[in-house]
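What follows is one structure encoded as structure tokens, with my remarks underneath.
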Amino acid sequence: MFSNARSISNKYFVIRYQPNQLEVSRLGTAVSKKAVRTSIQRNRLKRIIRESFRHENLSGCDLVVTVRSAVVNADNRVLYQSLRKLWQELLSRCVN
RNA sequence: GGAGUUGGCCAGACAGUCGCGGCUGCGUCGCAAGAUGCAGCGGAGGAAAGUCCGGGCUCCACAGGGCAGGACGCCAGGUAACACCUGGGCGGCGAGAGCCGACGGAAAGUGCAACAGAAAGAUACCGCCUAUCAUCACCAGAGGAUACUCUGGUGAAUGAGGUAAGGGUGAAAUGGUGCGGUAAGAGCGCACCGCGCAAGUGGUAACACGAGCGGCAUGGUAAACCCCGUCCGGAGCAAGACCAAAUAGGUAUCCCAUGGCGCGGCCCGCGCUGGAUACGGGUAGGUUGCUCGAGGCGUUUGGCGACAAACGUCCCAGAUGAAUGACUGUCCAAGACAGAACCCGGCUUAUCGGCCAACUCCGCCU
RNA sequence: GGCUGGAUGGCAGAGUGGCUAUGCAGCGGCCUGCAAAGCCGUGUACGCCGGUUCGACUCCGGCUCCAGCCU
């Protein structure tokens, strides 16, 4: 994934993606200790990413979401909006 | 009413919708392993953290002996154990409730103390001193032939000697004050204070009080080596066990049974047995360990207390890319620090606040 | 999760209780027609907070950060 995939990103997240041959999408998260210091913050971010992914209807794509250090100071609402924009952009690219 | 001390407790609440991982029951699929749907039950902390101590558990030998090394260090008790806790002693801080303390030994030995200072453990720089000795100067007396000699006195100039009062240095310099004493001084003597030894008394002990004795010594540093006493084998759940899969006990070089490995400080001992290095090759999956425990809660009893015992009652996370969240609404004191990973007991560190109890001091009223 | 090591100027790197070496880099000067090299001079440091000590980079605690090892 990390060597072959294409990626899109914004201030808070980086999403790497790669089409697969399945009917469902598969999600992986990688929240580094370097970007987010405390484990409770890392868990929170992974939950947010999963929750946001659950609400979207993507299919046939393998995804890995990584974070940037700015996420620590952002509140949940901002992060959800940020992720939604990324999913939509991803969707439009996949259609193309 | 204000200021404070100590101990204990809580860690947003409620409702709705959508989700996550666990266990149990039932259904469906499947030979089975398991997958899946529904329902029910439960689902992070006081620090889960740091990994700083102490244990359990597992493997190494059943954890053995010695050396080395480490830890602890007032006393008694608690405990599975501890560097923790409780009670007490001593010292320090505070007006007090209270708080803090690595709190054994420097007369077993070795070392260290920069700079300054005379000197940093046995010494005397400046200073003080003519009582004593030698020299010198002066005066007086006696002897003698002017020389000179002897005796006595004065001076304190030089040396010897005495001294540790005073000065200055330093983080630290050989008890303090007063009187006597002396050439000057000095525990040299005395009084009081301090210090040391100590019969005895109280206390389990640490320790406290202390008749009496000693004129005063053994300066500091042991988070320097060290001595004394007590304790400690090593590694860690990525320990370890089981199942499945895969593969080649390969090749080369070197060493050698007083050897090598287990055993990771060393020696002994025990067990196993050829080993080391290089090259080449294989594996990276699952199950288990995994939560019932020195367990929680309540009552009674014993104890000042830490805690213990008895009885009753409850079952309270167990994930493995790793589960507790999101959204909406209401309320308030407006929610801090922060996420289990084998399990406990502590310590330390982070932390918005709130509640309860006991106690202290100050002010006012009765 | 468990275990181990480290932190000294801008960089590298010594230092076993008494002033923190040394090299490279920087700055100024000498040298040179101009530079390089060389020579002379110069500034800058013990991760943080406590304790022991007369005195701590060093000894002892506690934090913070950075590396490495074990599946």
Side-chain angles (χ1 to χ4, degrees):
Chain A
M1 279 300 283
F2 278 90
S3 54
N4 298 327
R6 308 177 62 193
S7 68
I8 57 172
S9 65
N10 64 11
K11 189 179 171 188
Y12 300 115
F13 300 98
V14 179
I15 302 179
R16 292 164 211 280
Y17 59 97
Q18 201 174 35
N20 63 9
Q21 308 306 317
L22 308 168
E23 292 198 350
V24 294
S25 283
R26 297 185 294 188
L27 174 74
T29 56
V31 181
S32 74
K33 213 170 195 174
K34 197 172 180 182
V36 183
R37 247 169 40 76
T38 64
S39 58
I40 191 160
Q41 289 287 328
R42 287 197 294 277
N43 286 348
R44 168 178 154 256
L45 286 161
K46 285 191 266 187
R47 281 186 207 120
I48 288 167
I49 292 162
R50 276 199 293 268
E51 181 74 9
S52 178
F53 173 76
R54 193 170 66 81
H55 287 295
E56 298 300 321
N57 218 352
L58 300 163
S59 63
C61 215
D62 285 343
L63 302 159
V64 172
V65 181
T66 54
V67 302
R68 295 180 160 173
S69 55
V71 292
V72 177
N73 299 318
D75 68 12
N76 291 0
R77 196 178 296 270
V78 171
L79 293 177
Y80 276 114
Q81 283 170 0
S82 161
L83 277 169
R84 187 161 304 142
K85 277 186 193 164
L86 282 176
W87 299 132
Q88 281 164 3
E89 192 183 337
L90 185 65
L91 212 58
S92 67
R93 282 202 195 186
C94 285
V95 167
N96 294 345

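Chain naming here is simple, since letters A, B, ... match the order of the sequence lines and numbering starts at 1 in each.
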Checklist entry - Whom does B/U151 pair with, Watson-Crick or G-U wobble, provided both distances fall under 3.5 Å? => result B/A140

Checklist entry - CD1 of A/Ile8 to CD of A/Glu89: how many Å apart, nearest 0.5 Å? => result 4.5 Å

Item to check | Opposite nucleotide pairing with B/G282, Watson-Crick or G-U, both atom distances under 3.5 Å | outcome: none

Checklist entry - Syn or anti for B/G46, taking syn as within 90° of 0? => result syn

Item to check | Shortest non-hydrogen separation from A/Ser7 to A/Arg16 and the atoms involved | outcome: CB-CG, 3.9 Å

Checklist outcome for this item: Output for pair (A/Ile49 CD1, A/Leu79 CG), nearest 0.5 Å, gives 8.5 Å

Next on the checklist: Please determine whether side-chain contact (heavy atoms from CB on, under 4.5 Å) holds for the pair A/Val78 and A/Asp75, giving the CA-CA distance in whole Å, both sets of side-chain angles, and the decisive distance to 0.1 Å.
Outcome noted: CA-CA 6 Å; A/Val78 171; A/Asp75 68 12; 3.2 Å; yes

Next on the checklist: When the C1' atoms of B/G321 and B/U24 are compared, how many Å lie between them, rounded to an integer?
Outcome noted: 28 Å

Next on the checklist: Short of 4.0 Å, heavy atom to strand atom, which residues of residues 38-54 of chain A count as contacting RNA chain B?
Outcome noted: A/Thr38, A/Ser39, A/Ile40, A/Asn43, A/Arg47, A/Arg50, A/Glu51, A/Arg54

Next on the checklist: Syn or anti for B/G121, given that syn means the glycosidic angle lies within 90° of 0?
Outcome noted: syn

Checklist entry - Using atom C1' of each nucleotide, how far apart are B/G45 and B/A32 to the nearest Å? => result 43 Å

Item to check | Gap separating the CG atom of A/Leu63 from the CG atom of A/Leu90, nearest 0.5 angstrom | outcome: 6.0 Å

Checklist entry - Should A/Lys85 and A/Asn10 count as side-chain neighbours, where that means a heavy-atom distance under 4.5 Å? => result no

Item to check | Any residue of residues 75-88 of chain A with a heavy atom less than 4.0 Å from an atom of RNA chain B | outcome: A/Asn76, A/Arg77, A/Tyr80

Item to check | Any strand: nucleotide that pairs with B/G298 via Watson-Crick or wobble, under 3.5 Å | outcome: B/C311

Checklist entry - Taking syn as any angle within 90 degrees of 0 and anti as the rest, which one fits B/G249? => result syn

Checklist entry - With a 4.5 Å limit on heavy-atom distance, are the side chains of A/Leu86 and A/Val65 in contact? => result no

Checklist entry - Is there a side-chain contact between A/Asn76 and A/Arg44, using heavy atoms and a 4.5 Å cut-off? => result yes

Next on the checklist: Show the nearest heavy-atom pair for residues A/Val36 and A/Arg42, with the distance to one decimal.
Outcome noted: O-NH1, 3.0 Å

Checklist outcome for this item: Scanning all shown strands, the Watson-Crick or wobble mate of B/A131 with both distances under 3.5 Å is none

Next on the checklist: Measuring only the C1' atom in each nucleotide, how far is B/G105 from B/A76? A whole number of Å is fine.
Outcome noted: 22 Å

Item to check | For B/G91, the Watson-Crick or wobble counterpart (both distances under 3.5 Å) | outcome: B/C100

Checklist entry - Does a side chain donor of either A/Gln81 or A/Arg84 reach within less than 3.5 Å of an acceptor in the other side chain? => result no

Checklist entry - Using atom C1' of each nucleotide, how far apart are B/A338 and B/C38 to the nearest Å? => result 37 Å

Item to check | Rounded P spacing from B/A235 to B/G219 in Å | outcome: 46 Å

Item to check | Separation between OH of A/Tyr17 and CG of A/Asp62, rounded to the nearest 0.5 Å | outcome: 13.5 Å

Item to check | Base partner of B/U218, which must satisfy Watson-Crick or wobble distances under 3.5 Å | outcome: none

Item to check | P atoms of B/C112 and B/G121, separation to the nearest Å | outcome: 9 Å

Checklist entry - In terms of base orientation, is B/C316 syn or anti, with the syn window spanning 90° either side of 0? => result syn

Item to check | Intermediate values then yes/no, side-chain contact (heavy atoms from CB on, under 4.5 Å), A/Ile48 and A/Leu83 | outcome: CA-CA 9 Å; A/Ile48 288 167; A/Leu83 277 169; 4.1 Å; yes

Next on the checklist: Between B/U251 and C/G23, how far apart are the two C1' atoms, rounded to whole Å?
Outcome noted: 49 Å

Checklist outcome for this item: Relative to its sugar, using the 90° cut-off around 0, the base of B/A44 is syn

Item to check | C1' atoms of B/G46 and B/C362, separation to the nearest Å | outcome: 37 Å

Checklist entry - In what stems does RNA chain C take part, counting only runs of at least 3 consecutive Watson-Crick or G-U pairs whose two distances fall under 3.5 Å? => result C:1-7 with C:64-70, C:10-12 with C:22-24, C:26-30 with C:38-42, C:47-51 with C:59-63

Checklist outcome for this item: Distance col, row A/His55:NE2 vs A/Trp87:CH2, nearest 0.5 angstrom, shows 12.0 Å

Checklist outcome for this item: Any strand, both distances under 3.5 Å, Watson-Crick or G-U wobble: B/U330 pairs with B/A13

Checklist outcome for this item: Any strand, both distances under 3.5 Å, Watson-Crick or G-U wobble: B/C197 pairs with B/G212

